[in-house]
Amino acid sequence: MIRDQLIAALAGALDHLGIAPVPENIGLERPARREHGDWSSNIALAVAKTAGRNPRELGTELAEHLDANRPDGVAKVDVAGPGFVNFHLDDASLHAIITTAVAEGPAAFGAHTVGADQVINVEFVSANPNKPVHAGHARGACYGDSIARLFEKCGYEVQRENYLNDRGTQMQAFAASLAARKRGEEPAEDGYHGEYLIDWAAEMPDDADPLEWGRGHAIASHRATMSSVNVEFDIWYSERSMVADGKIDAALADLGERGALYEEDGATWFRSSDFGDEKDRVLVRSNGELTYFAPDIAYHRDKFSRAPKLINVWGADHHGYVARMKGAMQALGHDRDELEIIITQLVRLERGGESVKMSGRAGDMVTFDDIIAEAGPDAARFTYLMQSVDTEQTIDLELIAQKVMDNPVFYVQMAHARIRSIQSKVADAGVATLPIRDVDLSLLTHERELAVLRELHEYPELVALAAREMAPHKVANWLRQFAAAVHGFYHDCYVMGDGVSAELTQARLWLVEAARIGLVSGLDLLGVSSPDSM
RNA sequence: GCGCUCGUAGCUCAAUUGGAUAGAGCAUCUGAUUACGGAUCAGAAGGUUGGGGGUUCAAGUCCCUCCGAGCGCGCCA
C-alpha cells in the first residue's frame with residue numbers, strides 16, 4: 001500500500017535529519033487542493049516545536065531529502081505553505097488502479113479485511129408491527145442498511161436485525177381497533193384511528209384472530225416495503241418471544257444478582273443513575289406489568305449473546321433513552337462502548353417548497369411506501385444517504401422525483417449508463433477489446449483521464465473511512481465527484497472516433513470499464529442500482 | 001427550567017475529525033457540439049462559518065458565554 005510506503009519514507013527522512021525520537025504517528029492525508037499533490041504530511045509542523053526547528057525549513061529539508069530518494073510511484077516531493085511535505089504520484093501509479101479495479105471487479109474493489117472473523121449486529125427500523133412503515137423510518141432504514149453494506153465491504157459478518165414490539169397494551173389496542181373496523185365501527189377513543197385499518201379489516205378473513213392476523217399483516221407489509229428499497233433483514237426479533245422463552249425473567253434475574261435492582265413503592269427499579277443515567281428507572285410497575293424498558297434490556301442482553309458489537313440506529317425522539325440502555329448493558333457486565341447508538345436527526349419533507357404534513361387528522365402518516373412510489377427506490381435511497389445523519393435534513397419530494405441534473409442520483413447513474421453506451425457502441429462497430437495485459441495504459445495522459453484515475457485511486461481508502469465513521473454520505477459525495485470526472489472525460493475524450501488511435505481506444509476502453517466498476521461498487525454500498533440505460 | 005443534537009453562499013449540503021486560499025450542486029450571469037446519449041462540459045459571481053471571548057505554529061472543528069432551531073425530559077410505548 002502506497003500510504004505505508006510514504007509514511008515509512010517520511011520516518012526515514014526524519015531519522016536522517018536527526019529528529020529523535022521519530023514520532024509514532026506520522027500524519028498523511030489527501031490534500032484538498034490539486035496543486036498540493038496526491039498525499040500530504042504535516043509532520044514538519046507537528047515536530048517543529050519539540051525539535052526546536054522552524055517548520056518551513058524542516059519541511060524543506062524533508063522534501064529535498066525525499067525528492068532525492070523518491071519512493072516507488074512518486075514523481076515529485078515538495079514543500080508548501082507553512083511546511084507541508086507534498087507527494088505527487090507519477091502517472092504509472094495512477095494507471096495501476098485500472099488493472100486493480102478490473103482484476104477485482106465491483107464486489108471486491110475497495111474491499112478491506114479489517115473486520116474479518118468479526119460479527120457485528122446492526123439493529124434498525126424496528127417499527128411497531130401495527131401500522132405501515134412511515135416516513136420517519138425511511139432515513140434509518142437507508143442508513144442502517146448502508147452501514148451494514150460498508151461493514152460487509154470491510155470484511156465483517158453483519159446481522160441486520162429488526163425488533164418487533166409485538167406485545168403489550170399497544171398491540172391490544174391495535175387488535176381491538178382492527179376488530180372494530182371489521183364490524184364497521186369506529187375504534188375506541190384510545191385506539192388506532194388510521195384509515196389504513198379500514199383496508200386491513202376488509203382483507204382480514206372473518207374467522208381470523210385480529211391480533212395474530214394484524215401482526216402478521218403488518219410484518220408482511222414492513223418486509224415488502226423494505227424489500228422495495230433493497231433492505232433485507234436477517235433477523236426479525238419478536239418481543240413476545242422473550243416472554244415465552246423466559247428471557248425477560250432471566251434478564252431481570254441477572255440484573256438482580258448483580259445488585260442493580262431494588263424494590264420501592266411496590267415497583268422494581270433499575271439503578272441506572274449508578275451507570276450514567278440521570279435517574280433510576282422502573283422495570284416492573286407496582287401493578288405487576290413490565291415497562292417498555294424491561295424487555296428492551298432483555299433484548300439487548302440477547303443480542304450481546306449473539307454478537308460482541310452492537311449498533312443501534314434510533315430516531316432523534318429516542319435520544320433520551322441512550323443513557324439508560326448503555327447503563328443497563330454496563331450493569332450486565334458489558335463494555336458500554338460495545339453498544340453504539342446512532343441517532344438520526346429528523347427529516348422534513350417538502351413538495352415544491354411547501355412543507356408536507358406528516359400526519360392527517362385520521363392519524364394516517366405519510367408512509368415510506370408513499371415516498372418510494374413518488375421518488376422511486378433509487379432516488380429515495382440516494383437522497384436520504386446524501387447527507388450526514390447528524391443534521392436535520394430537508395427533502396423535496398418533487399425535486400428528487402425529477403429525472404434531471406438537479407438530481408444527483410440521476411447524474412451518477414447517467415455516468416454509468418454512458419459508459420455502457422460507449423461499450424456497446426464500440427462492440428457494435430466490430431472493435432474487439434484486447435486483454436488488459438496487451439494494452440498500453442501509459443497512453444492515458446490527458447488531464448481528464450488522470451482526473452478519473454485520481455478519484456478512483458482514492459476510493460478504497462474512502463470506503464474504509466466511511467465504514468469507520470459509519471458515514472455513508474461520504475460515499476454519496478465521492479460518487480458525485482467521481483461522476484463529474486467521468487462526465488468530463490466523456491466530454492473531452494472520445495473512446496472511439498476520428499483522431500483516436502486504435503491503441504488509445506483500447507486503453508480508454510479499460511479506463512471506462514475501471515470507472516464503471518467504481519460506480520457500481522459505490523452505488524451498491526448505498527443500495528442503489530447501476531442501470532445500463534436511463 | 002434541565003438534557004441531547006445542531007447553526008457554514010440566496011437554497012440544499014460538504015469540509016479527510018485541529019491543517020494550507022472554507023468546497024460542491026441548484027438558482028443567477030457568460031460561453032462550448034458536423035463524432036461515443038447536450039440528461040453534458042467550461043467560466044464568472046456568491047462567505048465576518050449565528051454573535052463575543054479563549055486555547056496554539058494552525059480553529060468551521062476544541063473550551064467558556066450569549067442568541068436561535070429541532071428533539072427529549074412518565075410506575076407511557
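Convention: sequence-line order gives letters A, B, ...; per-chain numbering from 1. Hydrogens, waters and symmetry mates play no part in the numbers below; they use all other heavy atoms, side chains included. Since we're looking at a predicted model, the values are computed, not measured.
Residue order along RNA chain B, read from the 5' end via each residue's closest nucleotide, puts A:E392 first among A:R167 and A:E392. Heavy-atom distances to RNA chain B give each of A:Y321 and A:H491 a nearest nucleotide, and the one nearer the 5′ end belongs to A:H491.
Residue A:R418 contributes atom CZ, which lies 5 Å from atom P of B:rG38 at whole-angstrom precision. Taking atom CZ of A:R281 as the reference point, atom C1' of B:rG72 lies 11 Å away to the nearest angstrom. Rounded to an integer number of Å, the gap from CD of A:E458 to P of B:rA15 is 14 Å. The interatomic distance linking A:H36 (NE2) with B:rA20 (C1') rounds to 5 Å, in whole Å. Atom CH2 of A:W478 and atom C1' of B:rC13 are 19 Å apart (whole Å). Straight-line distance from the CG atom of A:D390 to the P atom of B:rA69: 21 Å, rounded to whole Å. Across the protein-nucleic acid pair, A:F382 atom CZ and B:rA14 atom P stand 13 Å apart, rounded to whole Å. The interatomic distance linking A:I342 (CD1) with B:rC6 (P) rounds to 11 Å, in whole Å.
Side-chain contact of A:K303 with A:N312: a donor-acceptor pair under 3.5 Å is present, judged by distance alone. Side-chain N/O atoms of A:E263 and A:T268 include a donor and acceptor closer than 3.5 Å. Donor-acceptor pairing under 3.5 Å is lacking for the side chains of A:Y292 and A:Q170.
Note on A:A32: a base of the nucleic acid sits closer than 4.0 angstrom, heavy atoms only. Base contact: A:E469 has a heavy atom under 4.0 Å from a base atom. As judged by a 4.0 angstrom heavy-atom cut-off over every strand, A:S286 is placed among the base-contacting residues. Among the heavy atoms of the strands lying under 4.0 Å from A:A316 are primed sugar atoms or P, OP1, OP2 only; no base atom is included. Within the nucleic acid shown, A:R468 has no heavy atom closer than 4.0 Å to any nucleic acid atom. A:H487 comes within contact range of the sugar-phosphate backbone alone, with a heavy-atom separation under 4.0 Å but no base atom that close. Counting any heavy atom pair closer than 4.0 Å across all strands shown, A:S388 reaches sugar-phosphate atoms only and no base atom. Counting non-hydrogen atoms under 4.0 angstrom, A:I400 reaches nothing in the nucleic acid. Here A:T268 lies out of heavy-atom contact (under 4.0 Å) with every strand.
Between A:R324 and B:rC73 there is no side-chain N or O to OP1 or OP2 distance below 4.0 Å. The side chain of A:R33 contributes an N or O atom lying less than 4.0 Å from OP1 or OP2 of B:rG23. At B:rA35, none of the side-chain N or O atoms of A:K425 fall inside 4.0 Å of OP1 or OP2 (strictly under the cut-off). Within the structure, a side-chain polar atom (N or O) of A:K474 is placed less than 4.0 Å from OP1 or OP2 of B:rA15. Applying the 4.0 Å criterion to OP1 and OP2 of B:rC11, one finds that A:R348 has every side-chain N and O outside that range. Dashed line: the shortest gap from a side-chain N or O of A:H473 to OP1 or OP2 of B:rA15 is under 4.0 Å. A:Y490 has a side-chain polar atom (N or O) that falls below the 4.0 Å cut-off from OP1 or OP2 of B:rG38. The side chain of A:Q170 contributes no N or O atom lying less than 4.0 Å from OP1 or OP2 of B:rA77.
For A:N86, counting side-chain heavy atoms from C-beta on, the closest listed nucleotide (B:rG74, B:rA20, B:rG37) is B:rA20. For A:L346, counting side-chain heavy atoms from C-beta on, the closest listed nucleotide (B:rU40, B:rG70, B:rC75) is B:rG70. For A:T394, the listed nucleotide lying nearest its side chain is B:rC13; candidates were B:rC13, B:rG3, B:rG74. Listed nucleotides: B:rG72, B:rA14, B:rU16. Nearest to the side chain of A:Q387: B:rA14. For A:E29, the listed nucleotide lying nearest its side chain is B:rU17; candidates were B:rG3, B:rU17, B:rA14. Relative to the side chain of A:D317, the nucleotides B:rA77, B:rU16, B:rC71 differ in distance, and B:rC71 lies closest.
A:Y411 does not qualify as a stacking partner of the B:rA39 base, lacking a centre-to-centre distance under 5.5 Å together with planes within 30°. The side-chain ring of A:Y494 is stacked on the base of B:rA35, judged by centre separation under 5.5 angstrom and plane angle under 30 degrees.
Taking a pair to require two hydrogen-bonding distances under 3.5 Å in either a Watson-Crick or a G-U wobble arrangement, B:rC13 pairs with B:rG23. Base pairing annotation: B:rA58 forms no Watson-Crick or G-U wobble pair, as no partner gives both donor-acceptor distances under 3.5 Å. Using Watson-Crick or G-U wobble geometry with both donor-acceptor distances under 3.5 Å, B:rA44 finds its partner in B:rU28. Judged by Watson-Crick or G-U wobble contacts below 3.5 Å, the nucleotide B:rG74 has no partner.
The shortest distance between side-chain heavy atoms of A:L261 and A:L283 falls below 4.5 Å.
The neighbour count for A:N25 CG, taken as heavy atoms of other residues, nucleotides or ligands under 6.0 Å away, does not exceed 12.
Here the separation of B:rU49 from B:rA9, taken at their C1' atoms, is 10 Å to the nearest Å.
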Item checked: Working for salt bridge (charged side-chain N to carboxylate O under 4.0 Å, His left out), residues A:E398 and A:R351 -> CA-CA 5 Å; A:E398 211 166 88; A:R351 193 177 281 114; 5.7 Å; no
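For B:rU17, the base is syn relative to its sugar; the glycosidic angle is within 90° of 0.
Here A:K247 pairs with A:D302 in a salt bridge; the nearest charged N to carboxylate O distance falls below 4.0 Å. Remark: A:R454 engages A:E447 in a salt bridge, criterion side-chain N to carboxylate O under 4.0 Å.
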